[in-house]
Amino acid sequence: MSRPVVTGTWYAGLAFLIWGLFPLYWIRLAGVPPTQLVAHRIVWCAAAAWLWLLLRGEASFLRAVTPRLLGLLAISAVLIALNWAMFVVAVTTGHVVDASLGYFITPLVNVLLAVLVLREKLSGAQRAAVLVAATGVIWLGW
């Protein structure tokens, strides 16, 4: 395995670990209105992203932003904010398993659509992975 793959695997594992621990953080903030939590998350994530781009000298891409691209970015930003809001509300109201189920179902629906609509072919390992994931979702849903 090459070095970037190993590094990427560690980064992915760390990201999944952090994401898995997020409910412990959000549940402690159950007394704060979800809109305020999401607003803070938006502001601080935007500030961190801008700082990162500036430190790396990668903010020059802004010259290439067209009105169409800006509109698409705005739509995606609204969708991500809605996703964050639903997650925060689910966690702060004690529906962590329900929210997790949604995050497991979404990729399965994406794979199903890719197979049915785009005629994608799954390898044996991919079929096994989808079967394991689907079994987990069915088990939790039951």
Side-chain angles (χ1 to χ4, degrees), residues 1-56 58-62 64-142:
M1 205 178 309
S2 67
R3 180 87 172 116
V5 172
V6 172
T7 303
T9 302
W10 279 105
Y11 286 150
L14 182 60
F16 290 134
L17 178 67
I18 291 169
W19 186 251
L21 294 175
F22 255 153
L24 298 174
Y25 172 74
W26 294 118
I27 198 71
R28 302 285 294 160
L29 299 172
V32 180
T35 51
Q36 185 176 350
L37 293 174
V38 173
H40 273 284
R41 191 169 181 185
I42 289 169
V43 169
W44 294 112
C45 284
W50 277 107
L51 181 61
W52 181 252
L53 288 172
L54 291 173
L55 288 174
R56 292 180 53 114
E58 296 178 4
S60 62
F61 78 91
L62 289 172
V65 175
T66 63
R68 181 181 185 279
L69 178 59
L70 190 61
L72 291 172
L73 290 171
I75 291 168
S76 65
V78 167
L79 291 173
I80 290 170
L82 287 172
N83 179 279
W84 285 353
M86 286 188 288
F87 181 72
V88 169
V89 168
V91 171
T92 57
T93 59
H95 295 277
V96 177
V97 174
D98 301 332
S100 298
L101 199 55
Y103 282 108
F104 285 116
I105 290 171
T106 301
L108 290 173
V109 171
N110 291 343
V111 170
L112 181 66
L113 288 173
V115 169
L116 296 177
V117 177
L118 302 176
R119 306 283 185 226
E120 293 282 336
K121 303 290 184 210
L122 299 179
S123 69
Q126 289 170 326
R127 286 182 187 168
V130 169
L131 181 63
V132 168
T135 302
V137 165
I138 290 168
W139 179 260
L140 279 175
W142 181 261

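These numbers were taken from a predicted model, which means no experiment stands behind them.
Under the side chain to side chain contact (heavy atoms under 4.5 Å, CB included) criterion, Thr66 pairs with Arg68, Leu69, sequence neighbours left out. Residues forming a side chain to side chain contact (heavy atoms under 4.5 Å, CB included) with Phe16 (at least two apart in sequence, or on another chain): Ala12.
Atom CH2 of Trp52 is surrounded by 12 or fewer heavy atoms from other residues, nucleotides or ligands within 6.0 Å.
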Pair up each side-chain donor or acceptor in residues 70-94 with any protein partner under 3.5 Å, not counting sequence neighbours, and list the distances.
unit_1 : atom_1 : unit_2 : atom_2 : d
Ser76  : OG     : Leu72  : O      : 3.4
Ser76  : OG     : Leu73  : O      : 2.8
Asn83  : OD1    : Tyr103 : OH     : 2.7
Thr92  : OG1    : Val88  : O      : 2.8
Thr92  : OG1    : Val89  : O      : 3.3
Thr93  : OG1    : Val89  : O      : 2.6
Thr93  : OG1    : Ala90  : O      : 3.3

Show me, pair by pair, the donor-acceptor contacts under 3.5 angstrom made by side chains of residues 130-142, not counting sequence neighbours?
unit_1 : atom_1 : unit_2 : atom_2 : d
Thr135 : OG1    : Leu131 : O      : 2.7

Please set out all donor-acceptor pairs under 3.5 angstrom arising from side-chain atoms of residues 26-51, sequence neighbours excluded.
unit_1 : atom_1 : unit_2 : atom_2 : d
His40  : ND1    : Trp44  : NE1    : 3.3

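Applying the side chain to side chain donor-acceptor pair (under 3.5 Å) test to pairs two or more places apart or on separate chains, those with a residue in residues 111-126 are Ser123-Gln126.
Rounding to the nearest 0.5 Å places CG of Leu24 at 11.0 Å from CZ of Phe22.
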